[in-house]
Amino acid sequence: QVQLVESGGGSVETGGSLRLSCKVSGYTDSTESMYCMGWGRQAPGKEPEVFARIFTSDGATYYTDSVEGRFTVSQDDAKKTVYLQMDSLKPEDTATYFCAASASRPCRILTGVMDHRGKGTLVTVSS
């Protein structure tokens with residue numbers, strides 16, 4: 001059973017930074033391997049939005065316009081952890097942030113197609 005556990009959320013002022021982590025557990029190379037992973041968020045009363053994707057094979061990333069230039073995704077294969085560095089945070093970034101994983105090819109995680117999703121960690125940005 002693959003599990004994704006996020007950590008690192010908290011409260012920060014506008015312009016501040018946070019680094020989130022997503023620890024992946026429960027699979028080995030002989031079973032299921034994730035093709036891509038993503039970070040998303042869900043603000044109160046809004047639909048979830050996946051805004052970043054990383055391919056596990058080569059670390060190639062993609063960001064939507066809402067976070068491009070401010071957020072950075074990276075991975076540590078040895079630690080089976082994916083990170084989200086968030087800089088220049090804005091009040092509209094306030095949401096519960098979650099990581100997601102997909103074994104499907106092609107990767108459609110940016111459209112919400114995922115095999116696994118963590119419970120999330122809350123990020124609050126005050127003005």
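Hydrogens, waters and symmetry mates are skipped; everything else that's a heavy atom, side chains included, is used.
Note that NZ of K90 and OG of S127 are 14.0 Å apart. Values are rounded to the nearest 0.5 Å.
With K23 contributing its side chain and K79 its backbone, the two residues share a donor-acceptor pair below 3.5 Å. Judged by distance alone, with hydrogens and angles left aside, the side-chain atoms of D76 form no donor-acceptor pair with the main-chain N or O of T81 at under 3.5 Å. With Y63 contributing its side chain and V73 its backbone, the two residues share a donor-acceptor pair below 3.5 Å.
Between V2 and D115 there is no side-chain heavy-atom pair separated by less than 4.5 Å. Using a 4.5 Å cut-off on side-chain heavy atoms (C-beta onward), Q85 and D87 make contact. Counting only heavy atoms from C-beta outward, the side chains of P91 and T14 approach each other to under 4.5 Å. In this structure, the side chains of V24 and Q3 stay at 4.5 Å or more apart for every pair of heavy atoms. For the pair E6/F98, a side-chain contact is recorded, criterion being any heavy-atom separation below 4.5 Å from C-beta on. Side chains of M86 and V123 form a contact here, defined as non-hydrogen atoms less than 4.5 Å apart. Between R117 and P48, some side-chain heavy-atom pair lies under the 4.5 Å cut-off.
In terms of heavy atoms, V50 sits closest to M114 at CG2-CE, 3.9 Å. Heavy-atom minimum distance, K46 versus Q42: O-NE2, 3.0 Å.
In this structure, L110 is not a member of the same hydrophobic cluster as V67, with clusters built from ILVMFWY side-chain heavy atoms closer than 4.5 Å. Using a 4.5 Å cut-off between side-chain heavy atoms of Ile, Leu, Val, Met, Phe, Trp and Tyr, with links allowed through other members, V5 and M34 fall into different hydrophobic clusters. The hydrophobic clustering, which links ILVMFWY residues whose side-chain heavy atoms are closer than 4.5 Å, places W39 and V125 together. M37 and Y62 fall into different hydrophobic clusters, where Ile, Leu, Val, Met, Phe, Trp and Tyr side chains are chained together by heavy-atom contacts under 4.5 Å.
Under the side chain to side chain donor-acceptor pair (under 3.5 Å) criterion, S88 pairs with no residue, sequence neighbours left out.
When each of D93, T121, T96 is paired with R41, the side-chain hydrogen bond (donor to acceptor under 3.5 Å, both in side chains) condition holds for D93 and for no other.
Through side-chain heavy atoms spaced under 4.5 Å, either directly or across other Ile, Leu, Val, Met, Phe, Trp or Tyr residues, Y35 is tied to F55.
Side-chain contact of E49 with S66: a donor-acceptor pair under 3.5 Å is present, judged by distance alone.
A disulfide (SG to SG under 2.5 Å) check over residues 81-127, counting only residues at least two apart or in different chains, returns the pairs C22-C99, C36-C107.
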